[in-house]
Amino acid sequence: MTAGVREEPRETVRSRTPRRLPLPTLLAVLVGFAAVGYRLALLFADVPPTNSDEATMGLAALHIARGDGFPVWFYGQAYMGTLEAYLAAPLIALAGPSVLVLRLPTLALYALFLLLSWRLTRRLGGDRWYALLVVAVLALGADRVVKNQLIAGGGYPELNPAGAALALLTVGLCVTGPGARLPRWAAWGLIAGVLLWVDPLILPYVLTLGALLVAWRWRELAGRAGVVLAGALLLGTAPMLVDSLRHGRNPVSAVLAAGGTGAAADWADRLHGGLVLGPPLAMGFCSPGRCATWQLWWALAFPVLLLLAAFTAWHTLRRAGGGPRSAERVSAGVRLALLGGAAGVLAAYALSNAAGRTPIESSRYLSCLAVAVPALLWPLWQAVRELAEVESIKAAGERAAGARGRVAGVGALAVLAGVLGTGAATTVEVIRAAPAVHAEADRHRSLVDTLGALGVRHVRGGYWTCNRLTYATGENVLCAVVEDDLRPGFDRLPAYRREVAADPDAAWVALAGSPLAARLDARLGPEPGALDVVTVAGWRIYLPRR
């Protein structure tokens, strides 16, 4: 030792060395940041395209921010809670109404879903490389997927992170011993209650995970835990329950009525929309607005994989040792519950009229299938791991087993490559379509600017025009809905119609070339009471002639 210099103990020096993240964890972080960054870039490019339904949620957020009202339900109906509006209201109060501000909370919910899915995969026994694979699959962003994740149109963006949170809490409640567990029971009940208020699509997961807790923790639920769970569940559903008591509304009947409106779809159409088109659309394997034939391969792979993953989980559940609280048994039980929830979601959709009548757009009802991805891909990953092990087997007595493992592993690799490759291809298609979507948003901004320059405060237009226009102007322009034949349409906020009707100078707005524009063009002319037209960026503004 040099004189005058004190050498620190090796233990102290080692303790100051920064701890490095394992490589797969670091890669998962990078993939997660890339996924969130990709979606943020889409938001700045006005992708996915907005619509009047999303604007209706924006109007609810605007009213909450101003203190003008605190809606429980999506305007114009007695179901679908307004959680997204309450999340966006503080941002709208600070920055004013815009689609970007409305979607920032949904982007945060997606980032939370990635984090929770990574954690859930690890808690279910997956290694870090498998957790990276799950994050990579969920990072892909095809047309239907980013619409489900980013559009604040009611219910869909919050389903996946909440479902993953319920699964994580279920793992914790099943693995750990008695101790300070009441906060977890409270969290489970609160999340489940809020989900039932926001959107009942998640109900199959709530039922399967809840059944698992009842089966393994019924003694605990018979005591204080049950009281806490029930109280938190009631608290989460409080907005729905209070509104139902005050106004005599039945949200269950409203949901059932909404699912059965219109002419009944043929069973062949329902099964085709639900089982053939549904899984590829939900997984993000289809192009914007359509599914090419080659993109439907997941319709065959999905049910096979669902059954295989369920059989694997059930077999592990039956064979695992270590008692009911062993990590292996809990992992298998929660995976089985997730797969049961996914099967319930798919079955409910395939039986609905929506699957037969509007399969492309209605596939959003399958968005929460993504919650089950850590369980669904499990047997594929196990086969890949066995493939690596098979290559090291040298014993002659295990050659047959090695051959079987090699075939299964190669097949699993092919399916995983198909998942990543198809998802990447459809993600690229979204990027290619972004300039056209951005151009349409620019045209709408030109319409808003022109109405402001003309001093127009009240207009009539189609359903998909009205609330979008009203939200974009911060209610400086109010719009009443009309059908193509100029009869009154469906106004989600009837007060707008009353204000428009009271203005003799109310204008009309229609897309150029639309049936509504053709009907209004017939009213153009020089005589009093006829209409003048102003054309701007693909829109036609009809002003009453004085």
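The structure presented is a predicted model; accordingly, all values stated were derived computationally and were not measured. Basis for what follows: all heavy atoms, side chains included, without hydrogens, waters or symmetry-related copies.
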Requested in this report: Applying side-chain contact (heavy atoms from CB on, under 4.5 Å) between Leu120 and each of Val371, Val373, Leu338, report the one that passes.
Outcome: Leu338
Query raised in the report: Between Phe44 and Leu40, is a side chain to side chain contact (heavy atoms under 4.5 Å, CB included) present by the stated rule, with each step listed?
Result: CA-CA 6 Å; Phe44 280 109; Leu40 182 60; 3.7 Å; yes
**Report entry** Pairs where residues 151-162 contributes a residue and the test salt bridge (Lys or Arg N to Asp or Glu O under 4.0 Å) is met, not counting sequence neighbours
**Finding:** none
Query raised in the report: Which residue pairs satisfy the side chain to side chain donor-acceptor pair (under 3.5 Å) criterion with at least one member in residues 98-107, sequence neighbours excluded?
Result: Glu54-Arg103
Report summary line: Rounded to the nearest 0.5 angstrom, the OG1-CG distance for Thr237 and Asp243 is 12.0 Å
Query raised in the report: Can you name the closest pair of heavy atoms from Tyr75 and Arg492 and give their distance?
Result: O-NH1, 2.7 Å
Report task. List in chain and number order the residues that pass side-chain contact (heavy atoms from CB on, under 4.5 Å) with Leu91, two or more places apart in sequence or in another chain; answer none if no residue qualifies. Result -> Val101, Leu104, Pro105
Report summary line: Closest heavy-atom pair, Arg335 versus Leu124, reported as atoms and distance to 0.1 Å, is CG-CD1, 3.9 Å
Query raised in the report: Is any side-chain heavy atom of Leu212 less than 4.5 Å from a side-chain heavy atom of Thr208?
Result: no
Query raised in the report: Do the non-hydrogen side-chain atoms of Arg468 and Asn51 ever get within less than 4.5 Å of each other?
Result: no
**Report entry** Side chain proximity check, Tyr471 to Thr56, heavy atoms < 4.5 angstrom
**Finding:** no
Query raised in the report: Is there a donor-acceptor pair under 3.5 Å between the side chain of Thr427 and the backbone N or O of Leu140?
Result: no
**Report entry** Backbone N/O of Gly423 and side chain of Thr426: donor-acceptor pair under 3.5 Å
**Finding:** yes
Query raised in the report: Quick one: does Ile64's side chain get under 4.5 Å of Pro71's, heavy atoms only?
Result: yes
**Report entry** Ser117 (side chain) donor-acceptor with Leu114 (main chain) under 3.5 angstrom
**Finding:** no
Requested in this report: Might you work through the side chain to side chain contact (heavy atoms under 4.5 Å, CB included) test for Val459 and Tyr542, ending with a clear yes or no?
Outcome: CA-CA 9 Å; Val459 301; Tyr542 299 87; over 6 Å; no
Report task. Please identify each residue that fulfils side chain to side chain donor-acceptor pair (under 3.5 Å) with Asn160, with sequence neighbours left out. Result -> none
Please tabulate, for side-chain N and O atoms in residues 277-284, each donor-acceptor pair with protein atoms closer than 3.5 Å (sequence neighbours left out).
none

Using a 3.5 Å cut-off and no angle test, enumerate the donor-acceptor pairs between side-chain atoms of residues 192-205 and protein atoms at least two apart in sequence or in another chain.
from   : atom 1 : to     : atom 2 : distance (Å)
Trp197 : NE1    : Val72  : O      : 3.2
Asp199 : OD1    : Leu201 : N      : 3.1
Tyr205 : OH     : Cys368 : O      : 2.9

Query raised in the report: Of the options Arg460, Arg498, Arg497, which is the one that meets Asp491 in a salt bridge (charged side-chain N to carboxylate O under 4.0 Å, His left out)?
Result: Arg497
**Report entry** Side-chain donor or acceptor of Gln149 paired with backbone N/O of Leu107 under 3.5 Å
**Finding:** no
Query raised in the report: In chain order, what residues pass the ring-ring contact (aromatic ring centres under 6.0 Å, His included) check against Trp118, with sequence neighbours excluded?
Result: none
**Report entry** Contact summary for Gly474 and Arg66, nearest pair of heavy atoms
**Finding:** O-NH2, 3.0 Å
Query raised in the report: More than 12 non-hydrogen atoms from neighbouring residues, nucleotides or ligands closer than 6.0 Å to CZ on Phe490, yes or no?
Result: yes
Query raised in the report: Quick one: do Asp442 and Arg445 make a salt bridge, cutoff under 4.0 Å?
Result: yes
**Report entry** Smallest separation among heavy atoms of Leu339 and Ala310, with atom names
**Finding:** CD1-N, 3.4 Å
Query raised in the report: So do Trp539 and His444 actually touch side chain to side chain, heavy atoms under 4.5 Å?
Result: yes
Query raised in the report: Is the shortest heavy-atom distance from the side chain of Asn467 to the side chain of Leu493 under 4.5 Å?
Result: yes
Report task. Report the distance from atom CG of Leu520 to atom CZ of Arg540, rounding to the nearest 0.5 Å. Result -> 9.0 Å
Requested in this report: Go through Leu306 and Leu376 one step at a time and tell me if the side chain to side chain contact (heavy atoms under 4.5 Å, CB included) criterion holds.
Outcome: CA-CA 6 Å; Leu306 187 67; Leu376 188 65; 4.0 Å; yes
Query raised in the report: Who passes ring-ring contact (aromatic ring centres under 6.0 Å, His included) against His272, sequence neighbours left out?
Result: none
Requested in this report: Determine which pairs satisfy ring pair (Phe, Tyr, Trp, His ring centres under 6.0 Å) with at least one residue from residues 273-292, sequence neighbours left out, and list them in order.
Outcome: Phe285-Trp297, Phe285-Trp298
Query raised in the report: Given side chains that start at C-beta, do those of Cys286 and Arg144 come closer than 4.5 Å, heavy atoms only?
Result: no
Query raised in the report: Do side-chain atoms of Glu483 reach the backbone of Asp485 as a donor and acceptor pair under 3.5 angstrom?
Result: no
Requested in this report: Over all heavy atoms of both residues, which pair between Tyr496 and Leu478 is shortest? Give the atoms and the distance, please.
Outcome: CE2-CD2, 3.7 Å
Table please: side-chain donor-acceptor pairs of residues 163-171 below 3.5 Å, with sequence neighbours left out.
from   : atom 1 : to     : atom 2 : distance (Å)
Thr170 : OG1    : Leu166 : O      : 2.7
Thr170 : OG1    : Trp188 : NE1    : 3.0

Requested in this report: State, yes or no, whether a side-chain contact exists between Val430 and Leu42 at a heavy-atom distance under 4.5 Å.
Outcome: yes
Report task. Mind checking ring-ring contact (aromatic ring centres under 6.0 Å, His included) for Trp381 and listing every partner two or more places apart, or none if nothing turns up? Result -> Tyr130
Query raised in the report: Under the 3.5 angstrom rule, does the side chain of Thr473 hit a backbone N or O of Thr470 as a donor-acceptor pair?
Result: yes
Query raised in the report: Taking only residues two or more places apart in sequence, or in another chain, which ones meet Arg290 in a side-chain contact (heavy atoms from CB on, under 4.5 Å)?
Result: Ser287, Ala292
Query - Point-to-point distance, once rounded to the nearest 0.5 Å, from CG of Leu516 to CG of Leu511 - result: 9.0 Å
Report summary line: Interatomic distance, CG@Leu447 vs OG1@Thr465, rounded to 0.5 Å, equals 8.0 Å
Query raised in the report: Which pair of non-hydrogen atoms, one from Arg364 and one from Glu361, has the smallest distance, and what is that distance?
Result: NH1-O, 3.0 Å
Query - Nearest-0.5 Å distance, CG of residue Leu87 to OG1 of residue Thr82 - result: 9.5 Å
**Report entry** Residue pair Asp46, Val99: steps toward the side chain to side chain contact (heavy atoms under 4.5 Å, CB included) verdict
**Finding:** CA-CA 8 Å; Asp46 300 300; Val99 176; 5.7 Å; no
**Report entry** Reported CZ-to-CG distance for the pair Arg357 and Asp266, which is rounded to 0.5 angstrom
**Finding:** 12.5 Å
